[in-house]
Every structure is written in structure tokens, then in C-alpha cells.
**Student:** 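Take a look at this one; I'll ask things after.
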Amino acid sequence: QVQLVESGGGLVQAGGSLRLSCAASGRSFSTYAMGWFRQAPGKEREFVAAISQSGARTYYADSVKGRFTISRDNLKNTVVLQMNSLKPEDTALYYCARSRTWAASMSVYEYDYWGQGTQVTVSS
């Protein structure tokens with residue numbers, strides 16, 4: 001059984017930073033790619049960032065490229081999303097997810113385990 005638990009969300013002013021963490025339980029964490037997604041009220045869940053199983057490859061949505069950084073620690077079974085230069089439009093519930101394979105994907109359908117989410121609110 002895989003469990004993903006996000007933490008680090010909160011309220012921050014525009015231009016500020018937050019660091020989201022995702023702790024994964026279960027075996028074979030290093031076998032799978034991991035991703036972060038977000039969902040704002042009334043909108044569909046959207047891709048934010050993904051990282052391959054080794055951490056060698058990372059992918060970002062255009063809207064966060066240059067501001068967010070995804071990383072992972074396979075010894076600690078954690079994945080981190082460092083968010084800088086936050087904007088009000090980054091406000092959403094952020095989810096950590098485990099890919100079905102070793103390859104990172106931007107598609108929500110390629111992820112089979114999801115955390116409960118952590119709220120990020122950016123004030124203007």
C-alpha cells in the first residue's frame with residue numbers, strides 16, 4: 001500500500017516562497033517517477049512538475065518554469081517542490097502523485113497514487 005502525505009502549504013504574499021514536501025510510504029519509491037499537480041476552485045487539476053525515478057530528468061509547466069524546482073531524495077522517500085516568486089494565480093490545492101512507471105509524465109492519467117493535497121494561498 002502506497003501513501004503520500006504532503007506538507008508545507010500555507011498563506012504567503014506575492015513574491016514569496018514556499019517549500020512543499022511529499023513523504024511516501026511503501027516499497028520501491030525509487031522505481032517510480034513522481035509529480036506535483038494543482039487544482040484551483042472551479043478548475044481542472046493541472047500539471048505542475050514531474051521528476052523521473054532517478055531524479056535525472058525534470059519537467060515543468062510553462063506557467064511555473066524558472067520559479068519552481070522539483071527534487072527528490074530516494075533514501076528518504078521524499079519529493080520536494082520549491083516554489084519561488086509566487087503569484088496569486090498559483091493559489092490552489094497542491095497534490096503529490098506517483099507515476100505508474102519510471103518515466104515522468106504531464107498527464108494526470110499516468111499517476112495512480114495521490115496524496116490528500118496541501119493548500120497554497122498567495123495574496124496580492
**Student:** Between E6 and S21, does the side chain to side chain contact (heavy atoms under 4.5 Å, CB included) criterion hold? Intermediate values first, please.
**Tutor:** CA-CA 6 Å; E6 304 97 334; S21 293; over 6 Å; no
**Student:** Same cluster or not: V12 versus L81, using hydrophobic residues (I, L, V, M, F, W, Y) connected whenever any side-chain heavy atoms lie under 4.5 Å apart?
**Tutor:** yes
**Student:** If you measure from CG on L18 to CG on D90, what distance do you get to the nearest 0.5 Å?
**Tutor:** 10.0 Å
**Student:** Just grab all the side-chain hydrogen bond (donor to acceptor under 3.5 Å, both in side chains) pairs involving residues 22-33, residues at least two apart or on different chains.
**Tutor:** none
**Student:** Among pairs that include at least one residue of residues 98-123, which meet salt bridge (charged side-chain N to carboxylate O under 4.0 Å, His left out), considering only residues two or more places apart or in two chains?
**Tutor:** R98-D112
**Student:** If we only count heavy atoms from C-beta on, is the F29 to Q53 side-chain gap below 4.5 Å?
**Tutor:** no
**Student:** According to disulfide bond (SG atoms under 2.5 Å apart), does anything in residues 12-43 pair up with another residue at least two apart or in another chain? List the pairs.
**Tutor:** C22-C96
**Student:** Heavy atoms only: give me the nearest A92-A40 pair and the separation to one decimal.
**Tutor:** CB-N, 3.9 Å
**Student:** Locate the shortest heavy-atom distance separating T91 from V122; write the atom from each residue and the value.
**Tutor:** OG1-N, 2.9 Å
**Student:** Among residues at least two apart in sequence or on other chains, which ones pass side chain to side chain donor-acceptor pair (under 3.5 Å) with K43?
**Tutor:** none
**Student:** With sequence neighbours excluded, tell me which residues meet side-chain contact (heavy atoms from CB on, under 4.5 Å) with S85.
**Tutor:** R67
**Student:** Which residue pairs pass the side-chain hydrogen bond (donor to acceptor under 3.5 Å, both in side chains) test with at least one member in residues 69-78, sequence neighbours excluded?
**Tutor:** R72-N74
**Student:** Please say whether more than 12 non-hydrogen atoms of neighbouring residues, nucleotides or ligands are located less than 6.0 Å from CD in Q119.
**Tutor:** yes
**Student:** Could you work out, with side-chain contact (heavy atoms from CB on, under 4.5 Å) as the rule, every residue matching R57, not counting sequence neighbours?
**Tutor:** S52, Y59
**Student:** Please collect all disulfide bond (SG atoms under 2.5 Å apart) contacts where either partner lies in residues 40-73, sequence neighbours excluded, each pair once.
**Tutor:** none
**Student:** Which pairs with one or both residues in residues 73-124 pass ring-ring contact (aromatic ring centres under 6.0 Å, His included), sequence neighbours excluded?
**Tutor:** F37-Y111, F37-W114
**Student:** Quick check: closest heavy atoms across I70 and W36, and the distance to 0.1 Å?
**Tutor:** CD1-CD1, 3.6 Å
**Student:** Please lay out, stage by stage, how V120 and M83 fare under the test side chain to side chain contact (heavy atoms under 4.5 Å, CB included).
**Tutor:** CA-CA 10 Å; V120 171; M83 306 187 297; 3.8 Å; yes
**Student:** Under 4.5 Å between any side-chain heavy atoms of L20 and T118, yes or no?
**Tutor:** yes
**Student:** Identify whether the distance between the nearest side-chain nitrogen and carboxylate oxygen of K65 and D62 falls below 4.0 Å.
**Tutor:** yes
**Student:** Should V2 and V5 be regarded as members of a common hydrophobic cluster, given that ILVMFWY residues are connected when their side-chain heavy atoms come within less than 4.5 Å of each other, either directly or indirectly?
**Tutor:** no
**Student:** Is V80 isolated, or which residues cluster with it under the ILVMFWY side-chain rule of less than 4.5 Å, directly or via members?
**Tutor:** none
**Student:** Check the hydrophobic clustering (I, L, V, M, F, W, Y; side-chain heavy atoms under 4.5 Å; chains of links allowed) and say if V108 and V48 are grouped together.
**Tutor:** no
**Student:** Using the disulfide bond (SG atoms under 2.5 Å apart) rule, collect all pairs that involve residues 36-84, keeping only residues at least two apart or in two chains.
**Tutor:** none
**Student:** Where do A14 and P88 come nearest, in terms of heavy atoms and distance?
**Tutor:** CB-CD, 4.1 Å
**Student:** Can you list every pair that meets salt bridge (charged side-chain N to carboxylate O under 4.0 Å, His left out) and has a residue in residues 46-56, with sequence neighbours left out?
**Tutor:** R38-E46
**Student:** Looking only at heavy atoms, which two atoms of Q116 and L93 are closest? And how far apart?
**Tutor:** O-CD2, 4.3 Å
